[in-house]
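What follows is one structure encoded as structure tokens, with my remarks underneath.
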There are 2 protein chains.
Amino acid sequence: MEPAFHGRPADHHPAAHHVYLLQQADRRRHDLGSCQGLMGLDSMRAPTLRDVARHAGVSMGTVSHVLNHPQKVSESTIAKVRASIEELGFVRDANASSLAAGGSRSIGLVVIDLGNSMFVDVARGAQEAARDAGLNLMLAASQDDFAAQGENVDFFAEARVAGLLLAPLQDSSEQMRRFSARGRPAILVNYDPGDEGVCCVVVDNEQVGYLAARHLIEQGCRRLLFVCGDEAIQPVTLRRAGLRRAVSEAKGVRFEEVHTPDLTEQSGAALAHRVAARGPGTRPDGIVTVTDTLAAGFMNAAEALGISVPRDMAVMGCDDNRLAEPTTVGLSTVAMEGKALGGAAIRMLLEELSAAAGIPHVHQRIVVEPRLIPRRSTLGFERG
Amino acid sequence: MEPAFHGRPADHHPAAHHVYLLQQADRRRHDLGSCQGLMGLDSMRAPTLRDVARHAGVSMGTVSHVLNHPQKVSESTIAKVRASIEELGFVRDANASSLAAGGSRSIGLVVIDLGNSMFVDVARGAQEAARDAGLNLMLAASQDDFAAQGENVDFFAEARVAGLLLAPLQDSSEQMRRFSARGRPAILVNYDPGDEGVCCVVVDNEQVGYLAARHLIEQGCRRLLFVCGDEAIQPVTLRRAGLRRAVSEAKGVRFEEVHTPDLTEQSGAALAHRVAARGPGTRPDGIVTVTDTLAAGFMNAAEALGISVPRDMAVMGCDDNRLAEPTTVGLSTVAMEGKALGGAAIRMLLEELSAAAGIPHVHQRIVVEPRLIPRRSTLGFERG
DNA sequence: CTGAAAGCGCTTACAG
DNA sequence: CTGAAAGCGCTTACAG
């Protein structure tokens with residue numbers, strides 16, 4: 001068989017293919033013919049706005065107006081210019097455009113990780129709202145790496161985007177400052193900076209913890225275990241506070257806290273071993289992990305260790321992270337409404353962008369309520 | 001309580017806050033002081049490369065070299081320039097940079113939808129590979145909208161990215177042509193163009209269907225139902241072919257095909273009603289839906305209609321789409337290895353980019369094998 | 001190793 | 001409504 005680049009086999013209609021190629025070549029030559037003599041153009045050079053202007057017999061300013069302010073141009077001129085654009089296959093250079101105009105219609109979204117469906121939802125919600133507003137949304141994911149997040153923020157700063165949405169897991173004020181120094185607005189998503197210097201859209205993470213613990217208590221659990229992971233992350237701290245509040249409101253509920261080195265499945269699995277080692281009598285009857293990932297690791301390991309969820313023990317996660325490892329039984333959790341977060345963040349940014357023109361902007365803080373999602377991992381628990 | 005913009009309450013350390021503000025102001029004045037008299041600068045203007053050059057006492061070319069080709073500059077000059085950059089808070093303008101240099105180090109990824117975890121995985125795999133290669137990856141999601149996909153492709157064409165990754169669901173050659181006209185490489189992900197004009201990285205979708213059907217047959221199913229949705233989408237067509245191949249290899253297996261208007265849960269649920277209406281004797285004992293979404297809709301509706309999965313009927317999806325609605329019982333499926341696709345696509349693009357410098361590039365086609373993931377929805381089936 | 005200058009492809013006052 | 005011209009902030013040969 002011939003190598004692919006020698007041509008297509010006969011049964012692939014080589015003739016039609018050839019004709020097509022010739023048409024392409026013809027067209028190119030024809031399109032640029034009028035200016036070639038004058039300019040000494042390389043016929044392979046991509047057409048610029050100047051080429052369009054010459055082809056249409058108007059000035060560059062007029063072409064630019066057709067592109068950006070068509071209401072300032074007569075119908076007939078618009079038609080003429082559009083035809084030339086079409087014929088030459090002109091694609092404007094957004095870099096030159098932004099440079100000359102001093103800004104772009106794009107906004108950047110930096111998300112810490114796409115491995116948590118919460119952030120995927122934020123991206124989808126933001127994308128939708130941005131499109132509705134006629135803005136371009138560019139997404140950058142940081143693979144759970146704080147340094148990469150900083151590079152992404154810098155990237156958008158260098159790109160001179162109109163505004164930024166940042167969904168971090170920890171204090172990123174330094175990274176944001178670098179961005180905001182240019183005077184462009186930035187909004188925090190799912191992170192509460194705790195002061196009034198920045199707009200933010202957050203989920204009530206204290207309530208997340210509260211709903212989780214209260215649900216377990218309502219299911220009849222009386223010996224709770226909170227699995228808290230690394231405390232440095234804001235959602236973890238807040239959720240823990242909510243867990244405690246739920247316990248303090250109930251009567252006769254004991255609880256203990258365990259800190260895992262991180263929030264991975266592995267840590268969840270390791271915890272299952274520790275719990276199993278305890279012996280049935282002293283084990284907790286309800287577990288809340290601060291993330292679904294931990295819960296998934298725990299449940300999948302517990303099974304093999306002879307702990308049955310939910311019969312022996314109810315388990316709750318937090319996040320409604322559908323990208324966490326699947327569990328044998330549906331995992332009850334508290335959902336974060338990421339789409340709502342993303343949409344609200346875009347609308348907030350739009351407000352700040354339009355406010356930039358004179359009106360003093362007051363930084364806002366929108367709080368979205370979380371939602372309990374009970375599934376089999378807790379609904380099947382029966383107090384023994 | 002006072003409104004937030006009147007200032008912070010005393011217990012927030014207002015003094016420290018004030019000091020901080022003053023430091024900021026001082027610094028600004030100091031930094032720009034040296035050039036203000038000469039240039040009549042507005043002290044609020046963001047510093048440019050020219051400002052850095054003056055501040056460091058070198059030419060703009062040298063500053064540019066420090067940024068882009070530090071090996072061409074002496075140690076001492078680099079240090080001097082970097083200090084000025086730091087002190088002025090200079091952030092280079094990527095638009096100007098790309099314009100002058102005639103290209104960027106960014107590559108674009110256009111994904112049809114982030115609601116299918118397959119594409120999230122593609123994005124993550126591509127992100128990782130791009131970062132390893134020192135490239136920036138910009139992601140644009142199209143919300144399952146073909147026109148939006150085209151706009152995203154055009155956006156990257158206008159941004160003059162170095163290359164493009166496109167993960168569509170249908171023939172997008174027209175959109176790609178507009179991009180490639182600039183001579184920049186583009187790679188298709190998860191879509192096979194069927195000719196040699198484009199590089200692509202695809203999953204063997206025929207094999208996806210084959211694995212799904214064979215698995216059901218191995219579980220003992222003898223009356224299969226294929227739920228095919230809209231045939232216009234390439235993966236659907238191929239998977240259906242694979243399903244048929246598996247049946248033709250087996251003995252004594254009957255099958256029928258059903259076409260749903262689309263691939264949504266609602267269609268899956270509607271199908272459950274039709275199947276339930278048939279009466280137990282004539283129902284299929286194994287169902288393959290071409291997407292997990294359809295399967296989820298089916299399963300969740302079937303439950304309420306008195307059909308028990310997997311006892312009465314085994315159900316398989318395709319995609320391993322973890323963003324599909326959760327099902328009461330784990331859904332068996334065939335996974336697409338999106339991360340591998342994304343990573344391979346980036347490496348392919350890098351190859352094409354370096355090949356651009358003279359060596360004729362031969363378009364390639366990488367095929368990734370799918371992977372069967374058996375879960376409860378089929379493993380619990382017992383031939384009745 | 002460093003500097004002066006042309007130019008990348010647009011946009012936007014400014015005149016007509 | 002249209003055109004000529006300055007300028008956006010960089011990079012890159014080209015000389016020194």
Side-chain angles (χ1 to χ4, degrees), chain A residues 35 39-42 45-81 84-85 88-106 157-162 182, chain B residues 35 39-42 45-81 84-85 88-106 157-162 182:
Chain A
C35 33
M39 306 173 60
L41 277 184
D42 169 11
R45 188 175 63 66
T48 67
L49 187 141
R50 153 178 268 121
D51 298 324
V52 174
R54 292 197 193 179
H55 188 272
V58 298
S59 75
M60 289 173 62
T62 301
V63 176
S64 179
H65 277 142
V66 170
L67 257 26
N68 303 309
H69 313 284
Q71 71 284 3
K72 293 185 179 177
V73 187
S74 70
E75 288 292 332
S76 62
T77 306
I78 290 182
K80 213 166 46 179
V81 170
S84 295
I85 287 175
L88 296 179
F90 167 71
V91 177
R92 67 121 78 65
D93 185 323
N95 296 123
S97 188
S98 298
L99 175 59
S104 80
R105 291 281 296 163
S106 296
E158 296 187 358
R160 302 292 191 262
V161 293
R182 318 288 311 187
Chain B
C35 32
M39 305 174 61
L41 275 186
D42 169 11
R45 189 173 64 65
T48 67
L49 188 140
R50 155 178 268 121
D51 298 323
V52 173
R54 292 197 195 180
H55 187 272
V58 298
S59 75
M60 291 173 60
T62 301
V63 177
S64 180
H65 277 142
V66 170
L67 257 26
N68 303 309
H69 313 284
Q71 71 284 2
K72 292 185 181 175
V73 187
S74 70
E75 289 291 333
S76 63
T77 306
I78 291 182
K80 212 166 46 178
V81 170
S84 296
I85 288 175
L88 297 179
F90 168 71
V91 177
R92 67 124 73 70
D93 186 324
N95 296 123
S97 187
S98 298
L99 174 59
S104 79
R105 291 280 296 162
S106 296
E158 295 187 358
R160 302 292 192 263
V161 292
R182 318 286 314 186

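Convention: sequence-line order gives letters A, B, ...; per-chain numbering from 1.
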Between [options], which nucleotide has the shortest distance from any of its atoms to the side chain of [X]?
{"X": "B/Ser64", "options": "C/dG3, D/dT12, D/dT2", "answer": "D/dT12"}
{"X": "A/Val73", "options": "D/dC10, D/dG3, D/dT2", "answer": "D/dT2"}
{"X": "A/Thr62", "options": "D/dC10, D/dT2, C/dC1", "answer": "D/dT2"}

Would you mind reading off the distance between [X] atom [atom1] and [N] atom [atom2], rounded to a whole angstrom?
{"X": "A/Leu88", "N": "C/dG9", "atom1": "CG", "atom2": "C1'", "result": "15 Å"}
{"X": "B/Asn95", "N": "C/dC10", "atom1": "CG", "atom2": "C1'", "result": "11 Å"}
{"X": "A/Leu67", "N": "C/dC10", "atom1": "CG", "atom2": "P", "result": "9 Å"}
{"X": "A/Lys72", "N": "D/dT2", "atom1": "NZ", "atom2": "P", "result": "13 Å"}
{"X": "A/Leu49", "N": "D/dA4", "atom1": "CG", "atom2": "P", "result": "14 Å"}
{"X": "B/Ile85", "N": "D/dG9", "atom1": "CD1", "atom2": "P", "result": "16 Å"}
{"X": "A/Asp93", "N": "D/dC10", "atom1": "CG", "atom2": "C1'", "result": "13 Å"}
{"X": "A/His69", "N": "D/dT2", "atom1": "NE2", "atom2": "P", "result": "15 Å"}

*side chain to side chain contact (heavy atoms under 4.5 Å, CB included) evaluation trace for A/Arg92 with A/Asn68*: CA-CA 11 Å; A/Arg92 67 121 78 65; A/Asn68 303 309; 2.6 Å; yes
Using a cut-off of strictly less than 4.0 Å, decide whether [X] has a side-chain nitrogen or oxygen near OP1 or OP2 of [N].
{"X": "A/Ser74", "N": "D/dC1", "result": "no"}
{"X": "B/Thr77", "N": "C/dT2", "result": "yes"}
{"X": "A/Ser59", "N": "D/dG3", "result": "yes"}
{"X": "B/Arg92", "N": "D/dT11", "result": "yes"}

*Report which part of the nucleic acid A/Val58 touches: base, sugar-phosphate, or nothing (heavy-atom distance under 4.0 Å, all strands).*
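Sugar-phosphate, backbone atoms only, no base.
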*Which part of the nucleic acid, if any, lies within reach of A/Ser98 when heavy atoms closer than 4.0 Å are counted: base, sugar-phosphate only, or nothing?*
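No contact.
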Table of protein N/O atoms under 3.5 Å from nucleotides 5-8 of chain C N/O atoms:
residue: C/dC8; atom: O2; partner: B/Ala100; partner atom: N; Å: 3.4

*asked:* Using only atom types and a distance under 3.5 Å, with no angle test, would you say the side chain of A/Ser97 pairs donor to acceptor with the backbone of A/Asp93?
replied: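 No, A/Ser97 side chain to A/Asp93 backbone: no donor-acceptor pair under 3.5 Å.
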*Identified side chain to side chain contact (heavy atoms under 4.5 Å, CB included) counterpart of A/His65 within the set A/Val81, A/Val58, A/Val73*: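 Only one of A/Val81, A/Val58, A/Val73 forms a side chain to side chain contact (heavy atoms under 4.5 Å, CB included) with A/His65, namely A/Val73.
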*What is the distance from atom NZ of B/Lys72 to atom OG of B/Ser64, rounded to the nearest 0.5 Å?*
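With rounding to 0.5 Å, NZ (B/Lys72) is 9.5 Å from OG (B/Ser64).
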*From CD (B/Glu158) to CG (A/Asn95), nearest 0.5 Å*: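 Separation between the atoms: 10.0 Å.
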Quick check: closest heavy atoms across [X] and [Y], and the distance to 0.1 Å?
{"X": "A/Ser104", "Y": "A/Ala162", "result": "O-CB, 3.4 Å"}
{"X": "B/Arg182", "Y": "A/Pro47", "result": "NH1-O, 4.2 Å"}
{"X": "B/Asp51", "Y": "B/Ala46", "result": "OD2-O, 4.1 Å"}
{"X": "B/Phe90", "Y": "B/Thr48", "result": "CE1-C, 3.4 Å"}

*Check whether any side-chain heavy atom of A/Leu99 sits under 4.5 Å from a side-chain heavy atom of A/Arg160, and report yes or no.*
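The answer is no; the side chains never approach within 4.5 Å.
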_Any heavy-atom pair between the side chains of A/Leu67 and A/Leu49 that's under 4.5 Å?_
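Heavy-atom side-chain distance check passes, below 4.5 Å.
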Could you go through nucleotides 14-16 of chain D and list every protein N or O atom that sits under 3.5 Å from one of its N or O atoms, giving the distance for each pair?
none

*Just the dot-bracket of DNA chain D, please: which string comes out with Watson-Crick or G-U pairs under 3.5 Å, [ ] for crossing, | for another strand?*
|||.||||||||.|||
